[in-house]
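To keep things clear, I will list the structure first and then write my remarks on it.
Both ligands and their constituent atoms are indexed starting at 1 by order of listing. Every heavy atom of this structure was used, including side-chain atoms; hydrogens, water molecules and symmetry mates were not.
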Amino acid sequence: LSEIDEFIASIIFKYALLNAYKHDGKAQVNAVLSKIFSELPKYRSFAKTLLPHVERIVNEVNSMTIELQKKLLEERWPELIKESKAVEEEKKLPPLPNADKVTIVKTRFAPNPDAPLHLGSARPIILSYEYAKMYNGKFILRFEDTDPKTKRPVLEFYDMIKDDIIWLGAKCDELYIQSDRMNIYYDLARKLMEMGYAYVCTCPAEVFKKYKASSEECPCRSRSVEENIELWEKMINHSFKEGDAVVRIKTDMSHPNPSIRDWVAFRIIDIKQWPHPRTGDKYCVWPTYNFACAIDDHLMGVTHILRGREHEVNTIKQKYIFKYFGWTYPEAIHFGRMKLSGWVLSKSKIAEGIKRGIYRSWDDPRLGTLAALRRRGFRPEAIREIILSVGIKSTSASISLENLYSINRRILEPEANRFFFIPSPPLKLNVHGVSSKIEAKIPLHPTHIERGYRILSVTPANNTITVYIQASDAHSMNVNETYRLMGLLNFKVTNIDYASNVVDSVFLGVEALKLKGEQKIIHWLPLEGNANATIVMPDASETKGLCDYQCLNLKIGEVIQFMRFGFVRVDNINKDSAELTFYYTHP
Ligand SMILES: [Zn+2]
């Protein structure tokens with residue numbers, strides 16, 4: 001290897017350029033080396049030989065202008081620029097409008113606890129939290145649970161949502177639950193009626209619809225304050241039935257958007273049939289989302305609201321409340337739709353699927369809930385990074401599975417220790433001509449030798465050692481070709497017996513052959529002393545097989561890499577029966 005070939009030279013050049021591009025034009029030799037080894041693990045054993053070449057190429061690259069580095073990267077490896085853009089943009093969330101005009105920036109995330117959070121919710125959480133942090137402000141978590149009928153809150157979800165938010169790394173400074181605040185909403189409803197900005201409407205829904213469609217005021221709109229208050233008292237004292245009366249906010253009956261016309265602020269819910277999980281049947285009159293949200297955003301001092309564009313109409317509705325009370329409306333930033341391909345996200349679909357037993361639970365690997373992503377081994381940093389890369393733009397953006405995979409892989413790669421997994425049924429490989437015991441000493445992580453080694457040893461019987469290899473490797477082998485068992489030995493295939501699933505071969509020594517052509521390296525396991533592994537795949541199917549016995553010493557929640565298989569998260573360990581369950585993260 002005195003002269004390196006063109007191929008490896010171009011790999012060095014690629015990573016030198018990329019590293020320079022990411023670090024103001026100056027690449028680091030070590031960083032470049034570690035990138036090369038993670039792409040081409042077999043070059044690890046030639047680190048010493050490669051080093052002078054890497055140093056030379058890094059120097060060359062570092063002497064170029066940043067413009068030239070960027071141009072070369074764009075010409076030859078545009079996909080790398082795209083990948084690293086995410087990191088770049090992360091540092092550059094645009095400033096919030098009028099942040100300097102408020103004493104303290106306050107943002108909020110306001111979920112309905114009728115379902116656990118999914119990837120889509122990560123966006124308002126992360127953006128709201130990051131902005132609060134950016135301005136030394138406060139981030140509020142507010143549970144909007146004022147619809148016990150159609151968006152029924154579920155007690156366990158309040159806690160799950162709190163856990164999800166903590167997991168994402170967002171710390172909330174204040175926590176509110178709207179069902180605790182009913183008296184506040186009632187008081188302000190009464191005030192609006194006293195000021196003449198709201199009224200009790202007793203028109204049947206169908207009748208009001210006609211008024212609305214023809215931009216006419218309904219007769220209730222001209223009720224006196226006294227009449228309104230009297231009817232309101234009846235409403236909150238359980239004297240009306242569901243559908244008998246609502247409170248409407250006076251807007252403009254000829255507003256171009258009919259849904260704005262005298263929108264409903266309170267409605268009666270049959271609370272015996274739909275008791276609230278926190279307040280039972282105490283309240284039968286519940287504020288609508290728009291009323292409670294408007295009141296709380298003001299009373300909690302929210303200065304900047306970050307939410308999806310689907311809320312634009314809500315913003316128009318809520319502004320009426322602010323206008324009538326003489327309050328200042330917060331800055332509302334509406335970001336575009338975030339398309340998430342490859343995930344099941346619909347709350348109703350998920351709930352229905354769980355009920356019917358299609359999904360195991362809210363963290364079924366097929367779902368895009370944060371709980372499911374966590375269980376599969378996704379890192380919150382990866383989600384944060386992908387969300388920040390989408391940012392607050394008002395046009396729609398899409399996030400693909402592959403995109404998230406590649407960010408998560410970059411985070412896991414240096415952390416995940418490596419082990420062997422062989423899916424069932426394994427095939428037997430006989431290597432003839434071995435006279436004594438051979439020990440394989442394989443680092444847990446090739447660039448972090450300090451973490452230690454896995455020791456696997458094989459002892460010959462009648463000059464033959466036998467190991468397990470995976471069926472797909474055996475099926476791709478050819479007679480007379482040489483291969484290497486990772487960390488152990490080289491062998492040449494002499495016979496492949498598909499009927500009895502046995503491959504025979506002869507021993508060719510233990511030293512890795514140095515770059516002489518393509519030597520395929522395969523992983524293996526000894527016949528005895530392995531652990532049984534079940535891997536829950538992203539489609540919820542299970543792949544069973546054998547893995548290193550050392551896996552029994554892993555910790556639940558740890559993510560490892562099964563070499564040539566993918567990243568997996570340890571989900572369960574049973575030491576007595578030597579069985580482990582993993583969740584597959586991604587390749
Ligand atoms: Zn009416």
Within 45° of the axis and under 6.0 Å from the centre of the six-membered ring of W167, does NZ or CZ of R374 qualify? yes
Identify the two heavy atoms, one from P116 and one from I161, that lie closest to each other, and give their separation to 0.1 Å. CA-CG1, 4.5 Å
Testing the basics here: between M235 and V285, what is the closest heavy-atom pair and its distance to 0.1 Å? O-CG2, 3.3 Å
With distance as the sole test, does R248 use its side chain to make a donor-acceptor pair with the main-chain N or O of W263 at under 3.5 Å? no
Quick one: does R267's side chain have a donor or acceptor within less than 3.5 Å of a partner on W286's backbone? yes
Any salt bridge between R337 and E310, counting N to O under 4.0 Å? no
Tally of protein N/O/S atoms under 2.8 Å from the Zn ion (ligand 1)? 4
